Structure formats: C-alpha cells, structure tokens
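Every chain is numbered from 1, with letters handed out A, B, ... down the list of sequences. Source: prediction; values computed, not measured.
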There are 2 protein chains.
Amino acid sequence: MDPPRTVQGTGEPPYDLIELLFFAYRDFTSDPDEVLAEYGFGRAHHRVLHFVNRNPGLRVTDLLAILKITKQSLGRVLKQLVDEDFIVQEPGPVDRRERLLYATEKGAALAMRLTDLQTKRISRALAGLPDDGQEIARRFLYEMIDPDQRRDVVRLIERDKG
Amino acid sequence: MDPPRTVQGTGEPPYDLIELLFFAYRDFTSDPDEVLAEYGFGRAHHRVLHFVNRNPGLRVTDLLAILKITKQSLGRVLKQLVDEDFIVQEPGPVDRRERLLYATEKGAALAMRLTDLQTKRISRALAGLPDDGQEIARRFLYEMIDPDQRRDVVRLIERDKG
DNA sequence: AAATTTATGTCAGCCATATTGACATATTTC
DNA sequence: GAAATATGTCAATATGGCTGACATAAATTT
C-alpha cells in the first residue's frame with residue numbers, strides 16, 4: 001500500500017504530511033508509553049531519562065533548555081527518577097553548585113529498553129525506503145526544527161559520539 | 001549546516017532520528033500553540049478542529065478513533081468549540097443518533113490559519129531536500145505508523161480529495 | 001570582605017488534558 | 001418488545017504543564 005499524497009504545486013497545503021506527522025508521532029510514542037506505565041512513569045520521565053542517559057553529566061539547566069519546560073515541572077519528574085534510583089546526582093567537580101545527572105545501571109537498562117522499541121519502529125520504516133532514505137528522513141526532520149534551535153540540537157546529538 | 005547522524009550498520013540505535021523526531025515535533029506544534037493561546041485553546045482543540053475541518057460530517061466516534069482519546073476527554077474540548085461557534089453539530093440524516101460535525105466559517109478560518117503555519121514550516125523543510133524528498137518524507141512517516149492503523153489513516157487522508 | 005549573580009530546590013496554587021466507571025437518552029436494529 | 005448503538009453527562013482522579021515567591025549554596029565581581 002502506498003502512502004496518501006496531496007497534489008503539490010497547486011498551493012494546496014500538504015495535508016498528507018501534516019496528518020502523517022501526527023499519526024507517526026502518535027504511534028512512535030505509544031510503544032514506550034506502554035512500558036513506562038509498568039513503572040508508573042509517563043512520557044515526561046522518558047524524555048528526562050533518555051537525555052540524561054545519552055548525555056552523562058548533563059546539568060539541570062541543560063535539561064530545561066532541551067525540554068523547554070520549567071524547573072518546577074522538571075523537578076517533580078526528576079525527583080521521582082532519583083528517588084527510585086534511575087538517576088543519580090553528583091555535584092560538579094569544578095562548580096559545586098551544579099548537580100550533574102547520570103543514569104544508574106537501572107536507569108540505563110530502562111532507557112535501553114525504550115530505545116530498543118523506538119529503534120525497531122524506525123528500522124522497519126527505513127527498510128521501506130530507498131538507499132538515501134535515511135539521509136533524507138534525517139535532513140527533513142532537521143529542517144523542521146526552528147533555525148535558531150538547530151545549532152543546539154546538533155551540539156547535543158553530536159555530544160556523545162565516538 | 002548538516003544534520004547530525006549516527007553511524008549505521010553498527011547495531012547502534014539511530015539516536016539521531018529518535019532525537020530529531022522529538023525536536024521536529026516539538027517545534028512543529030509550537031507555531032499553532034501560540035495562536036491557539038490567543039483563543040484560550042490548546043493542542044487538543046487544534047486536533048479536533050483540524051480533523052473536523054478536513055472531514056466535514058465526521059462523527060464523534062470517528063474522532064475518538066483518530067485521536068485515540070476517551071469520549072470524556074473529547075467531550076469537554078468539543079463542547080468548547082461548539083459553544084464558541086467554531087464547530088456545529090447536526091443529526092445524521094440517515095441515523096439520527098449520530099451528531100455529524102462541521103467547522104463553521106469561523107472554525108474554518110482558524111483551521112486555515114493554523115494549517116498555514118504548519119505549511120510554511122513544512123515547505124521550508126522540503127525546500128532543503130532533493131526532488132524526491134517529499135515523496136521519501138511522506139513514505140518514512142507513513143511507515144512509522146502502526147501497520148494495522150495504516151489503512152484507517154489512508155482512508156482518512158484520502159477522504160476529502162478531489 | 002561584601003555584594004551580586006548563578007544553579008538549584010521548594011512551596012503553594014492553578015490549569016489543561018487525559019483517565020475510569022457509572023448511568024441516561026434517543027434511536028436503530030433484530 | 002428487546003437489544004445494541006451513538007452519544008452525553010456526572011464524579012472523581014492523575015499527569016504534566018504553568019506562575020510567583022522564596023531559600024540556599026557556591027561562584028564571581030567589586
């Protein structure tokens with residue numbers, strides 16, 4: 001079956017892409033949601049755990065900038081993750097006001113389990129594309145980001161690469 | 001600037017795509033959110049208005065299946081949209097238990113304004129891609145959807161085409 | 001050394017959006 | 001007439017956002 005498409009070059013909005021984005025994201029988040037529910041966690045916990053796991057030593061401030069939520073909103077979720085031993089905080093070695101965040105083994109295990117679900121979905125999607133599909137999908141998503149946010153996003157994603 | 005990428009074929013998860021999806025969706029929804037705030041509406045109102053506007057005569061049940069939320073959650077949001085004259089309900093001509101939903105002129109105007117914002121972002125993203133970029137982006141998003149949901153999604157998107 | 005700024009946390013309260021369960025009504029179908 | 005269907009409503013609850021105010025410890029500036 002082929003995906004639906006709107007006719008282009010007619011000035012008509014790309015309703016197909018608008019709606020596909022909604023449905024793709026809806027289902028993309030649904031796999032982790034099921035697992036998280038087992039732990040009494042929600043999507044907010046996932047985001048925090050994911051970025052901390054990917055960026056050991058992340059500061060609270062960094063997390064706020066990434067997630068674009070307030071300190072208070074983050075506070076509750078982060079506290080739960082710390083209390084339940086998925087994340088630990090350590091004072092910064094240079095600036096001891098900072099609390100650097102690290103995933104524990106338990107946290108890394110959950111993060112991996114969630115990543116694995118998302119990896120499966122993405123791999124399946126990429127398998128249906130031509131060779132340059134991954135490159136183009138990546139570029140498309142990248143170009144969807146606010147131009148003034150791209151630098152930060154790139155820095156973040158590059159941060160832990162070998 | 002190029003988007004970041006993880007090395008493929010190494011068994012490493014596609015962290016780049018996982019995170020780009022998060023950031024792309026975050027920014028994709030941020031434009032409409034600003035406008036909606038002017039009306040005292042949220043993202044939930046947007047989704048309802050969008051699909052009703054795109055599918056005149058949609059039933060409440062259809063909307064529940066699309067949005068995957070409960071009747072009670074939809075109820076409040078829909079009621080506000082009806083009370084404030086963005087959507088009207090009409091009994092189904094065949095089955096009078098049904099309440100078919102239609103966007104009013106006011107509703108259509110708001111929907112168009114929101115669609116326009118999303119169209120601009122998508123057009124800008126597509127402009128940075130090769131010729132087959134749109135086709136591949138569409139296919140990628142389509143393949144991200146749960147296989148057993150694809151038929152419904154296609155039917156919905158095809159529904160109002162000329 | 002004192003004053004200021006920064007990173008973080010916390011308390012109290014509010015709002016939007018989701019949930020479940022139970023029940024009511026009108027209408028259609030068997 | 002009975003059962004199933006489409007919808008609505010009431011009550012209670014949870015999650016995850018928000019704002020504003022205030023507190024503390026540590027670093028930086030003067």
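Across the protein-nucleic acid pair, R96(B) atom CZ and dA6(D) atom P stand 16 Å apart, rounded to whole Å. Going from atom CZ of R43(B) over to atom C1' of dC15(C) covers 15 Å, rounded to whole Å. When rounded to the nearest whole Å, the span between CG of L100(A) and P of dT6(C) equals 19 Å. Rounded to a whole Å, the CG atom of D95(A) is 6 Å from the C1' atom of dA27(D). One can place CD of E90(A) at 16 Å from P of dA26(D), the figure rounded to the nearest angstrom. If you take CD of Q80(B) and P of dA18(C), they are 12 Å apart, rounded to a whole angstrom. Put simply, NZ on K79(B) is 16 Å from C1' on dA16(C), counting in whole angstrom units. Regarding L74(B), its CG atom lies at a distance of 10 Å from the P atom of dT19(C), rounded to whole Å.
Comparing dT10(C), dT17(C), dG16(D) by their nearest atom to the side chain of Q72(A) picks out dT10(C). Of the listed nucleotides (dA18(C), dG17(D), dA6(D)), dG17(D) has the atom at the smallest distance from the side chain of S73(A). Distance from the side chain of R76(A) is smallest for dC18(D) among the nucleotides dC18(D), dA18(C), dA4(D).
Here H45(B) does not reach the OP1 or OP2 of dA16(C): none of its side-chain N or O atoms lies under 4.0 Å away. Proximity of T70(B) to the phosphate of dA18(C): no side-chain N or O atom is located under 4.0 Å from OP1 or OP2. Phosphate proximity of dG8(D) to R99(B): present, with a side-chain N or O under 4.0 Å from OP1 or OP2.
Taking the six-membered ring where tryptophan is involved, the planes of Y39(B) and F86(B) are perpendicular, since the angle between them exceeds 60° and thus also 30°. Between H46(A) and H50(A), the angle of the ring planes goes over 60°, which puts this pair in the perpendicular group of the 30/60° scheme.
Under the 3.5 Å distance criterion, the side-chain polar atoms of R59(A) are left unmatched by any main-chain donor or acceptor of L101(A). In this structure, the side chain of R43(A) does not engage the main chain of D33(A) through any donor-acceptor pair within 3.5 Å.
Residue-level contact check: K71(A) touches the bases, meaning some heavy atom is under 4.0 Å from a base atom. G42(B) comes within 4.0 angstrom of sugar-phosphate atoms only, judged by non-hydrogen atoms across all strands, and of no base. Nucleic acid contact class of V94(B) (heavy atoms, under 4.0 Å, all strands): sugar-phosphate only. The residue Q89(B) sits close only to the backbone: its heavy atoms come under 4.0 Å of sugar-phosphate atoms, none of a base.
Taking every heavy atom of both residues into account, F22(A) and I66(B) meet most closely at CE2-O, 4.0 Å.
Side-chain atoms of R97(B) stay outside donor-acceptor range of the base of dT28(C), with no qualifying N/O pair under 3.5 Å.
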